[in-house]
Amino acid sequence: FGMPALALTDHGNLFGAIEFYKSCRARNIKPLLGCELYVAYGPRSEKPRGAGDYWHLVVLARNQTGWANLMRLSSEGYLSGFHYKPRVDWDLLVQHAEGLVVLSACLKGEIPQLLLADRVDDGGWSARAGAGASGKLVACAVAKGPRQGAGGRRLQGLLPEARCAGCRCRKRPAADG
């Protein structure tokens with residue numbers, strides 16, 4: 001397909017990363033290693049009320065330090081945050097954020113959920129992003145795609161107004177004409 005790079009972001013683990021890395025390198029494709037982490041609503045050590053009490057967050061390794069931090073986050077999700085799913089929390093993310101790129105994920109991500117609920121400025125995301133915005137958390141983006149359904153279409157309609165507080169990205173409206 002002529003792609004110079006390809007990413008793998010397994011849900012909650014890095015189980016396919018080594019095979020993916022080797023396969024990409026054998027084909028002269030730059031492998032982008034990542035994980036769609038499950039982020040607990042509160043501290044990862046607290047048992048959630050239900051099986052779906054977590055956000056999705058895509059995290060990519062920018063470099064070797066990022067890869068080491070991503071492995072740590074994935075491992076800690078299993079060792080200290082496992083309740084239904086291997087979960088991390090914002091304290092752990094900020095502690096191990098160096099070398100990582102953070103994306104907002106699918107509709108189950110915190111940013112899309114706040115946008116869909118008209119609560120983007122409620123302070124929750126802003127406070128957490130601000131805590132990590134000291135140069136450790138590099139970016140965030142709202143995922144857009146054809147398979148997002150009605151929620152995704154509504155989210156796309158909100159995007160010209162959307163911004164990610166505390167991050168370096170800003171979504172701007174398309175230029176006229």
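The structure displayed is predicted, hence computed values, not measured ones. Just so you know, these numbers use all the heavy atoms, side chains as well, and skip hydrogens, waters and symmetry mates.
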Residues joined to Tyr84 in its hydrophobic cluster, side chain to side chain under 4.5 Å directly or through other members, sorted by chain and number, are none
Running the 4.5 Å side-chain criterion over Ile, Leu, Val, Met, Phe, Trp and Tyr, what cluster does Phe82 land in, apart from itself? Phe15, Tyr78
Please report the closest heavy-atom contact between [X] and [Y], naming both atoms and the distance.
| X | Y | answer |
| --- | --- | --- |
| Val101 | Arg62 | CG2-CG, 3.1 Å |
| Leu100 | Gly66 | CD2-O, 3.2 Å |
| Pro48 | His83 | CD-CB, 3.3 Å |

If you round to the nearest 0.5 Å, how far is CG of Asn69 from OG of Ser74? 12.5 Å
Please check if Val59 and Tyr41 belong to a single hydrophobic cluster, counting links between Ile, Leu, Val, Met, Phe, Trp and Tyr side chain heavy atoms closer than 4.5 Å. yes
Please say yes or no: joined through hydrophobic side-chain contacts below 4.5 Å, possibly via intermediate residues, are Tyr54 and Leu70 part of one cluster? no
For residues 17-34, dump all side-chain donor-acceptor pairs below 3.5 Å to protein atoms at least two apart in sequence or in another chain.
from, atom 1, to, atom 2, distance (Å)
Ser23, OG, Arg27, NH1, 2.7
Arg27, NH1, Ser23, O, 2.9

Pair up each side-chain donor or acceptor in residues 5-12 with any protein partner under 3.5 Å, not counting sequence neighbours, and list the distances.
from, atom 1, to, atom 2, distance (Å)
Asp10, OD2, Gly16, N, 3.3
His11, ND1, Tyr38, OH, 3.2
His11, NE2, Glu36, OE1, 3.2

Pairs in or reaching into residues 49-61: which pass salt bridge (charged side-chain N to carboxylate O under 4.0 Å, His left out), with residues at least two apart or in two chains? Arg49-Asp53
For residues 73-90, which residue pairs qualify under salt bridge (charged side-chain N to carboxylate O under 4.0 Å, His left out), counting only residues two or more places apart or in two chains? Arg44-Asp89, Arg72-Glu76
Residues which pass side chain to side chain contact (heavy atoms under 4.5 Å, CB included) with Ser45, listed by chain and number, not counting sequence neighbours: Pro43
Would you indicate whether the side-chain heavy atoms of Val39 and Leu93 approach each other to under 4.5 Å? yes
What's the verdict on side-chain contact (heavy atoms from CB on, under 4.5 Å) for Trp67 and Leu60, showing C-alpha distance, side-chain angles and the deciding distance? CA-CA 8 Å; Trp67 173 241; Leu60 300 172; over 6 Å; no
Are any side-chain N or O atoms of Ser75 and backbone N or O atoms of Met71, one a donor and one an acceptor, separated by less than 3.5 Å? yes
